[in-house]
J.: 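Shown below is the structure under consideration.
Every chain is numbered from 1 and lettered A, B, ... according to where its sequence line falls, protein lines coming before strand lines. Since we're looking at a predicted model, the values are computed, not measured.
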Amino acid sequence: MTRDAALLLPSTEPVTLIDPDGHPVPHVGHDLPDPQALVRAYAALISARRFNDQANALVRQGRLAVYPSSHGQEACQIACVQVLDDGDWLFPTYRDSAAIVARGVDPVQALTLLRGDWHSGYDPHATKVAPQATPLATHLLHAVGVAHAARLRGEPTVVMAVCGDGATSEGDFHEALNFAAVFRTPVVFFIQNNEYAISVPLARQTAAPSLAHKGIGYGVPGERVDGNDVAALLKVLGAAVARARAGEGPQLIEAHTYRVQAHTNADDPGRYRSADEVTPWLARDPIMRLETYLRGRGLLDDQDVRGYAEQAEQAAGRMRAGLGEETSADYRDLFTHVYAEPTPQLREQQALVADELSREEER
Amino acid sequence: MTRDAALLLPSTEPVTLIDPDGHPVPHVGHDLPDPQALVRAYAALISARRFNDQANALVRQGRLAVYPSSHGQEACQIACVQVLDDGDWLFPTYRDSAAIVARGVDPVQALTLLRGDWHSGYDPHATKVAPQATPLATHLLHAVGVAHAARLRGEPTVVMAVCGDGATSEGDFHEALNFAAVFRTPVVFFIQNNEYAISVPLARQTAAPSLAHKGIGYGVPGERVDGNDVAALLKVLGAAVARARAGEGPQLIEAHTYRVQAHTNADDPGRYRSADEVTPWLARDPIMRLETYLRGRGLLDDQDVRGYAEQAEQAAGRMRAGLGEETSADYRDLFTHVYAEPTPQLREQQALVADELSREEER
Amino acid sequence: MSAEKLTMATALNRAMRDAMHADPTVVVFGEDVGPLGGVFRVTDGLTAEFGEQRCFDTPLAESGILGMAIGMAMNGMRPVVEMQFDAFAYPAFEQLVSHAAKMRNRTRGRVEVPLVIRVPYAGGIGGVEHHCDSSEAYYAHTPGLHVIAPSDPADAYGLLRKAIESADPVVFLEPKKLYFSRSEADLTAPVPPIGRAVVRRPGTDATLIAYGPAVPVALEAAEAAAQEGRSLQVVDLRSIVPFDDETVCAAVRSTGRAVVVAEAAGFASVSSEVVARVTERCFHSLHAPIRRVTGFDIPYPPPKLEHVHLPSVDRILDAVDELQWEYA
Amino acid sequence: MSAEKLTMATALNRAMRDAMHADPTVVVFGEDVGPLGGVFRVTDGLTAEFGEQRCFDTPLAESGILGMAIGMAMNGMRPVVEMQFDAFAYPAFEQLVSHAAKMRNRTRGRVEVPLVIRVPYAGGIGGVEHHCDSSEAYYAHTPGLHVIAPSDPADAYGLLRKAIESADPVVFLEPKKLYFSRSEADLTAPVPPIGRAVVRRPGTDATLIAYGPAVPVALEAAEAAAQEGRSLQVVDLRSIVPFDDETVCAAVRSTGRAVVVAEAAGFASVSSEVVARVTERCFHSLHAPIRRVTGFDIPYPPPKLEHVHLPSVDRILDAVDELQWEYA
Ligand SMILES: Cc1ncc(C[n+]2csc(CCOP(=O)(O)OP(=O)(O)O)c2C)c(N)n1
Ligand SMILES: Cc1ncc(C[n+]2csc(CCOP(=O)(O)OP(=O)(O)O)c2C)c(N)n1
Ligand SMILES: [Mg+2]
Ligand SMILES: [Mg+2]
């Protein structure tokens, strides 16, 4: 790992390859991704947006208990998944349901947590997606452990570990970066800096020039990227994954984006920010600019757009249907999965509930 | 606080003003301290070394349970105290007994912890020295709190918060730097990088270019200084204290030094490092070089040297005598200081012991 | 003296406001407690009224919050910090156990750390994982901490005022599910000192011992039992540490039978302690062993299953039924 | 089968070595566990024998150590991590409670985290503050963790092997003061599964229930009582979670009297649980309430006063004397 400060510091401005108006921006370090990758990203963005909208609607209908939306952050959601191989792992937060679905997890299973059915609904081993983490920054260490185990076995696994700007203040963020650096573990730490941690703005979170400037303190290269430019994200994250896979150790990528919606449906952003602050970000929407760019290059036409929208609509329909089905929560699950073998005490406690239920039925 | 990266990064080499051979080294940023300050530092260094030797001897005689020596780190011990005003606070670790004594704490009271009499022996409010911290890095946050409270009241207090290289890996180090930076709290974080955390060398602790490079990740200026050069330490720490007092917020200073002795008397360094590694550091001793410099400038002669040695010897004698006195540990203290008012339960428990003791006496 | 109807959240908010007016060294901080007023709005309006220096948001780091609070308390302030949810107090565990609880002891009383750690705690609100833990046992087991759990707005106000005035660190557990339940409270009435339990309902056949979120359930159970002709007394601990042996033991002796009700997992818990200490003290007054109705020894369930886990009226009545009435 | 005389530290070292030979997924890491072999030398020689990848030092961060261990356990390894001293496990509390304990549950058994957290614990060694905590209650109260405390070299070996083989996270509490006490142990003998208590000494008048560092003290007390003509049975829990109700209750029923002995503060502790659950189950066999001899509800004392705090033979015998023999 280099100890040369210049190579560890991020660029002064976030990397942008396609600007908010859809124009390509020349960059010394990165070309544009190839057209196929961009078209694939476009389709995924449309699906992700539709997924967010659908989940928000389901909350309003009372079919989901809570939803932390990634509306406006879909470029981050999509890019951090698109750069991974099948054998790689994704470590998401509660806000990254769209990324999880992009990774191939069934949307209904992805929403098990937020529906209140169980703490996590998909199979992490089958999908190589860790359970969504709620205690902030804690999962970054698990990501380091998963990557380190793979490396000890000589596997080419890279781990994408995602967190928010607020989470960077937690001690576990620090320990994860440091462990990854010292052990040269193939983890890409991906910060979605959406400028808020619930109500707390970035300026209250840090006085650093940028969050990517935290990398050098661990000997980890830091980079900044426009979080609403999927082209830049694909290149910057892709390069980080490639370097990690090549044995160059961890990387720290800060995407600058914005949480255009509330923290969750339970939040009331009017208490801490003005609509004026939000408006300019709507013009920086990640989908619009990619669509303009692709149309301009002839890589996308009205028919394609309708096609992707249609696909996304169908997926949303399946999701609605899936979430409409009654789920049967089984009380026995409460006792079965505490240990590999229930303790005698848990068996007694389960029997007590069984007895209660059988008496209820008798009544 | 500046967000200009260049102003937050440390110099590539630690600041040295007097080299190991006692020659002054010209430096663009810092002049030498004035002669009086250096002579004062010399006297303090001699006392600190004698204190360390005496404490080690007391351990061998079984009069102290354990002693983490700062032998070889005395320049750090002395300088971080000499730059403080009376109203400032010192937050030391278990290794900083010499600094505590330099701050004016009675040596016997300073050693209460290591003698096993009580957890801390001096009055923190009277001495403006926090209890020595054992759980690593935790006290850095207390330092931030003390400084923040003072600042809210408009007091000019600066807090010197000391920790080791190993402690920088703890989450609390991260949180303390960040809180101090966000609240622009007047704390000087002073890392004594002595290259070891018990048996673990610095390379296992971090992959960063230096520990001072951690500052920029918080927007805190970092600086590196030769930890065996008391002149450089006085200037670099003095400047940091002045900036903090002027409202420029926290600073991070890494002193590069070396733990020439074992971690504590209970440690066996032969298991993890060779004598060859230690030898060169003996030649970099902080006292020798200052003595050479001062003698060369006519600021110190044989008689002065004898005088300071004599003073130190007398202090050591008082310390021996003080530690020779039998202390009476009072079991009631165990119950009296858990809460401002003992709970009914604690009163019962104390009565139980009282009853046992009275029955023992009867026998 | 004027009673008014208000929620526990409002009562807590008033307690902080009144304390901040009464004592300029009281400061409130934590995550989202400033402009937002806390995710439960318990600190609503404090920044507006007292300014940024008295009520402020911190970076997102609980050990940092508590560690800084300890330092401020060492230097003349009375910090009241909020941990956003029960499980998010765990990152601050070392600061709590190794410092807040021990600073006075370490310095033989020379350094006090008068601070309050407010923890919205326990379940019953359909919260997802990590938002519903009953963590009182961790704190109650730690010498040097006071541990308080109010069960109604009046106590919430009075006990929080006392907690803020206390010279010792207080873990103040606020039952989330009671935040918005409303009842009459006279905030000008004198409050008993920390450490006094109260008999919430008289009764002669058996005693229910509860605290925090379990108190309303115990009262409901007593009401249901009354319908069936059984008279249950209900004791509300209010203060877990210090523990009020006097009130609790007098109550149990008066009935000879008892059930402890608590949401937390039962193993090595506050309810174990209540059973153990009351049995030690009242053994020969007991007609039957004291029973416990607690959460099971499982991680807090997902929303759809929490009703299985939480002490219910039926489960309490079942436990009362098992108090060996044949020996009466 | 060959018995040999060895210390608990050696037995633990052998357990890790043998486990590492038996299973290539076992890895050992923590602070100073590599070349130094741990501050108590319990990991001595493991790096030399198995290389840097199997036994290694980490940066100084306990949450990091446990967090990384959880990740490695999620990905096919069996980490055995050391927390250097009891109080230095507290920074890892959130990882332990919110993740290690809950990962299996969270994923309905799809993700296991087979790992062992070794904690040199408890006092009696003249250690300074933060080096002598008895922290078992925090762990025992947390569903999802197994909690084990051996009291002799043979158990230390056998239980650590079982802990490493376990599919669940195990908090393995090693009584520091017993590290270098030596006794006969046959390391090739079959070991009972985790969760079984054992009667260490038969007796007919009363039962002493102890675990970890309190077991030798209880045995000494039983010996002293025998001199005075009183026959005390001694039960060693070995496993705190899962708890062996069967063995413990059978023992207590056989004598009708019991004293629980533990170093930890008594309030809301493992000893509270033992009193509560045994009383619940054996009420009508008890001639007297079960008594506790525990550490006081105070921070662990400085070295010169720890003898006042620790359960002693005399204090145990006093408690036995108070078991209401007049009712015999
Ligand atoms: C350890 C911990 N403390 C507090 C919380 C409560 N909480 C949930 S989300 C959140 C804000 C997180 O902000 P950020 O990391 O920026 O992520 P974002 O929500 O913006 O995606 C907070 C404080 C938590 N989940 N975990
Ligand atoms: C939280 C915590 N973990 C572990 C320890 C045990 N421990 C005591 S000193 C030490 C090494 C500290 O190294 P460093 O910070 O470099 O300070 P130095 O001893 O070199 O002065 C360790 C691991 C501790 N005191 N606190
Ligand atoms: Mg954010
Ligand atoms: Mg060091």
Side-chain angles (χ1 to χ4, degrees), chain C residues 62-63 87-98 101-102 105-106 129-130 133 135-144 147 240-241 243 260 264-277 279-284 286 288-292 295-300 324 327, chain D residues 62-63 87-98 101-102 105-106 129-130 133 135-144 147 240-241 243 260 264-277 279-284 286 288-292 295-300 324 327:
Chain C
E62 293 76 11
S63 187
F88 307 143
Y90 301 151
F93 196 71
E94 181 185 32
Q95 287 289 351
L96 187 67
V97 172
S98 289
K102 297 192 170 80
N105 187 256
R106 179 174 305 148
E129 207 193 350
H130 306 293
D133 282 15
S135 35
E136 64 269 30
Y138 301 132
Y139 310 128
H141 180 62
T142 305
V147 184
I240 299 172
V241 180
F243 190 86
V260 183
F267 199 89
S269 67
V270 171
S271 54
S272 327
E273 179 63 30
V274 178
V275 173
R277 63 191 304 114
T279 304
E280 281 163 1
R281 284 159 179 75
C282 310
F283 189 68
H284 294 290
L286 289 175
I290 301 177
R291 297 196 66 89
R292 289 182 276 177
F296 299 117
D297 295 317
I298 61 175
Y300 196 86
Q324 309 184 353
Y327 291 93
Chain D
E62 293 77 9
S63 187
F88 307 143
Y90 301 151
F93 196 71
E94 182 186 31
Q95 286 289 351
L96 188 68
V97 172
S98 289
K102 297 190 171 81
N105 187 256
R106 179 174 305 149
E129 207 194 349
H130 308 291
D133 282 15
S135 35
E136 64 270 30
Y138 302 132
Y139 310 128
H141 180 61
T142 305
V147 184
I240 299 171
V241 180
F243 190 87
V260 182
F267 199 89
S269 67
V270 171
S271 55
S272 327
E273 179 63 30
V274 177
V275 173
R277 64 190 306 115
T279 305
E280 282 163 1
R281 285 162 179 72
C282 310
F283 189 69
H284 294 290
L286 288 175
I290 301 177
R291 296 196 66 88
R292 290 182 276 177
F296 299 117
D297 295 316
I298 61 175
Y300 196 86
Q324 309 185 353
Y327 290 94

J.: So, for D/Pro299 and C/Pro143, which heavy atoms are closest and what is the spacing to 0.1 Å?
T.: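 Reported closest heavy-atom pair: N-CB, 3.8 Å.
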J.: Identify the two heavy atoms, one from D/Ile290 and one from C/Glu280, that lie closest to each other, and give their separation to 0.1 Å.
T.: O-CG, 3.4 Å
J.: So which part of D/Thr142 gets closer than 4.5 Å to some heavy atom of chain C, the side chain, the backbone, both or neither?
T.: both
J.: Given heavy-atom pairs under 4.5 angstrom as the criterion, report whether the side chain, backbone, both or neither of C/Ser135 touches chain D.
T.: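 Interface part for C/Ser135: neither.
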J.: On a heavy-atom basis, which atom in C/Ser272 and which in D/Glu273 lie closest, and how many Å separate them?
T.: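 So the two residues come closest at OG-OE1, 2.7 Å.
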J.: Counting C-beta onward and ignoring hydrogens, is there a side-chain heavy-atom pair between C/His130 and D/Glu94 closer than 4.5 Å?
T.: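 Contact flag for C/His130/D/Glu94 side chains = no.
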J.: Kindly give the heavy-atom pair with the smallest separation between C/Ile240 and D/Phe267, and that separation in Å.
T.: O-CZ, 3.5 Å
J.: Strictly below 4.0 Å, N to O, side chains only: are D/Glu129 and C/Lys102 in salt-bridge contact?
T.: no
J.: Heavy-atom pairs under 4.5 Å with chain D: which of C/Ser98, C/Cys282, C/Ala101 has the most?
T.: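 Winner by heavy-atom pair count: C/Ser98.
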J.: C/Val241 versus chain D, heavy atoms under 4.5 Å apart: side chain, backbone, both or neither?
T.: side chain
J.: List the atom of D/Tyr138, the atom of C/Val97, and the distance in Å for their closest heavy-atom pair.
T.: OH-CG1, 3.7 Å
J.: Among D/Arg106, D/Arg291, D/Arg277, who wins on heavy-atom pairs under 4.5 Å with chain C?
T.: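 When all of D/Arg106, D/Arg291, D/Arg277 are compared, D/Arg106 has the most.
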J.: Fit a plane to each ring of C/Phe93 and D/Phe93, take the angle between them on a 0 to 90° scale, and name the class: parallel (under 30°), tilted (30 to 60°) or perpendicular (over 60°).
T.: parallel
J.: In terms of heavy-atom pairs under 4.5 Å with chain C, which of D/Pro91, D/Gly266, D/Ala140 leads?
T.: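 Ranked by heavy-atom pairs under 4.5 Å with chain C, first place is D/Pro91.
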J.: When rounded to the nearest 0.5 angstrom, what distance separates CD in D/Gln324 from NE2 in C/His284?
T.: 3.5 Å
J.: Which pair of heavy atoms, one from D/Pro289 and one from C/Thr279, lies closest together, and at what distance?
T.: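 Result for this residue pair: CB-O, 3.7 Å.
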J.: Could you tell me which portion of C/Arg281 (side chain, backbone, both or neither) has an atom closer than 4.5 angstrom to a non-hydrogen atom of chain D?
T.: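 For C/Arg281, neither part sits under 4.5 Å from chain D.
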J.: Is C/Ala89 in contact with chain D via its backbone, its side chain, both, or neither, using a 4.5 Å heavy-atom distance?
T.: neither
